[in-house]
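Position 1 is the first residue of the sequence, and the numbers go up from there. Basis for what follows: all heavy atoms, side chains included, without hydrogens, waters or symmetry-related copies.
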Amino acid sequence: MPGNPPYPPYGYPAPFNTYAILALIFGAMVFPPLGIYFGKKAKGQIAQTGERGVELATAGIVVGWIFTILYGLFLVVWCGMATVLLGSELRDVS
């Protein structure tokens, strides 16, 4: 009576795409426009290579856009407040 057949070799999962990880890190913590760029770049590479990380790339793009819009709004409000404050000081001096 022959023994049991050997187990099939273990298939290791594909590695995560580096750009996808960078997209989430840059989009959430460092510089959001780079998160958008790295996320789009990662999606293109993942489609070609079959690596993992589509979810990370998508999250990096979404978070990057949200923080870019928030930073843009903050900049507009800050410039408006500076204009109002400096404008009132210039009127008081003259």
Side-chain angles (χ1 to χ4, degrees):
M1 184 155 206
N4 292 335
Y7 288 112
Y10 179 73
Y12 292 100
F16 278 99
N17 185 286
T18 304
Y19 281 134
I21 296 169
L22 288 174
L24 189 57
I25 291 170
F26 276 95
M29 295 178 219
V30 181
F31 188 63
L34 278 179
I36 298 166
Y37 170 75
F38 283 136
K40 291 185 181 203
K41 185 98 170 153
K43 281 190 167 191
Q45 283 185 352
I46 290 169
Q48 289 179 349
T49 62
E51 293 176 312
R52 295 187 300 168
V54 175
E55 299 86 5
L56 293 175
T58 303
I61 292 171
V62 170
V63 170
W65 274 113
I66 290 171
F67 279 120
T68 299
I69 290 168
L70 288 176
Y71 289 161
L73 289 174
F74 173 76
L75 183 65
V76 167
V77 169
W78 185 80
C79 288
M81 292 297 289
T83 303
V84 168
L85 291 176
L86 291 176
S88 65
E89 286 183 16
L90 290 177
R91 278 188 241 132
D92 291 341
V93 173
S94 17

query = Do Val62 and Trp65 belong to the same hydrophobic cluster, where Ile, Leu, Val, Met, Phe, Trp and Tyr are linked whenever their side-chain heavy atoms lie under 4.5 Å apart, directly or via other members?
reply =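 Per the 4.5 Å side-chain linkage, Val62 and Trp65 are not co-clustered.
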request  = For Arg52 and Ala14, indicate whether the former's side chain and the latter's backbone hold a donor-acceptor pair under 3.5 Å.
outcome  =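 Indeed, once roles are kept as given, a pair shorter than 3.5 Å links the two residues.
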Please list every donor-acceptor pair under 3.5 Å in which a side-chain atom of residues 68-87 meets a protein atom from a residue at least two apart or in another chain.
from, atom 1, to, atom 2, distance (Å)
Thr68, OG1, Gly64, O, 2.6
Thr83, OG1, Cys79, O, 2.8

Side-chain donor-acceptor pairs under 3.5 Å in residues 24-48, sequence neighbours left out?
from, atom 1, to, atom 2, distance (Å)
Lys43, NZ, Thr58, OG1, 3.2
Gln45, OE1, Asn17, ND2, 3.0

